[in-house]
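Here's the structure we're looking at; comments come further down.
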Amino acid sequence: DAGVIQSPRHEVTEMGQEVTLRCKPISGHNSLFWYRQTMMRGLELLIYFNNNVPIDDSGMPEDRFSAKMPNASFSTLKIQPSEPRDSAVYFCASSSDRGPGDTQYFGPGTRLTVL
Amino acid sequence: GDSVTQMEGPVTLSEEAFLTINCTYTATGYPSLFWYVQYPGEGLQLLLKATKADDKGSNKGFEATYRKETTSFHLEKGSVQVSDSAVYFCALNQAGTALIFGKGTTLSVSS
């Protein structure tokens, strides 16, 4: 299995631009998570989906952030407009949701820099 | 809400030294507990996990025991190697939900 795939690996953009991050979960997994990692706040959940349905989006910072999961093999996280404080590493993770202790498998992350 | 507290780093050790990284948690019910490791420039990898009280997770010489009475899940390794240098995250979740992470502990091992 290829694992969780994220693209791009690095993104540098200017303030005000739209940014789209992409994730392909492991085949057969039905839960997908978006996390953000910063030095100040550590690792925090942005949103997670189960069977393509958003279950908890309480971590999405504000209306500038949106996430979609149109099918079981693809999800996007969009930031519009981007701001310098959005600079972080964004991780996607997936799991099979079979019960307690299910392992979440992480992608390599997208390092976003907003100038 | 649920939370995880782990010891501040960095932890600097010589090769073959004993490692302990403390982790305590606050949670309702019976969460599952995890240790993840992050090598430079990479995503997080599961190191070990435990799903109920008194369970011991182990992998690659690392161990941690789920202690409900002390709400702890301390990570230990008897003899660290240079290749163990990384950031270690303690985490918990309730079944099927997102992980709640500690702030991470940086381990640096020198030869």
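In the text below, chain A, chain B and the rest are named by the order of the sequence lines, each starting its count at 1. On a predicted model such as this, the values are computed, not experimentally measured, just so you know.
- Note on A:Arg41, A:Arg111, A:Gln104, A:Gln37: by heavy-atom pairs under 4.5 Å with chain B, the leading option is A:Gln104.
- Heavy atoms closer than 4.5 Å to chain A are found in the side chain of B:Leu46, but not in its backbone.
- Using a 4.5 Å cut-off between heavy atoms, B:Tyr30 does not touch chain A at all.
- Residue B:Leu99 is tested with A:Tyr48, A:Tyr35, A:Phe33 for a side chain to side chain contact (heavy atoms under 4.5 Å, CB included); the sole match is A:Tyr35.
- The line from CD of B:Gln38 to CZ of A:Phe106 is 9.0 Å long, rounded to the nearest 0.5 Å.
- In this structure, B:Glu8 places its CD atom where only 12 or fewer heavy-atom neighbours from other residues, nucleotides or ligands lie under 6.0 Å away.
- By the criterion of side-chain heavy atoms lying less than 4.5 angstrom apart, applied directly or through intervening Ile, Leu, Val, Met, Phe, Trp or Tyr residues, B:Phe89 is not grouped with A:Leu46; the two fall into different hydrophobic clusters.
- Residues B:Leu47 and B:Val11 share a single hydrophobic cluster, defined by chaining ILVMFWY side chains whose heavy atoms lie under 4.5 Å apart.
- Heavy-atom distances place no part of A:Asp56 under 4.5 Å from chain B, backbone and side chain included.
- Taking chain B as the reference chain and counting heavy-atom pairs below 4.5 Å, the highest number among A:Pro108, A:Gly42, A:Ser31 is found for A:Pro108.
- When the side chains of ILVMFWY residues are joined at heavy-atom separations under 4.5 Å, either directly or via intervening members, A:Tyr105 and A:Phe91 end up in two distinct hydrophobic clusters.
- For A:Glu14, the CD atom is loosely surrounded, since the number of other residues' heavy atoms within 6.0 Å does not exceed 12.
- Residues B:Ile100 and A:Leu43 fail the side-chain proximity criterion, which asks for heavy atoms closer than 4.5 Å.
- A:Trp34 and A:Ile79 fall within a single hydrophobic cluster, where Ile, Leu, Val, Met, Phe, Trp and Tyr side chains are chained together by heavy-atom contacts under 4.5 Å.
- Note on B:Val37: it does not cluster hydrophobically with A:Val4, by side-chain heavy-atom contacts below 4.5 Å among ILVMFWY residues.
- Residue A:Thr103 touches chain B through both its backbone and its side chain, counting heavy-atom pairs closer than 4.5 Å.
- Of the two parts of B:Gln45, neither the backbone nor the side chain holds a non-hydrogen atom closer than 4.5 Å to a non-hydrogen atom of chain A.
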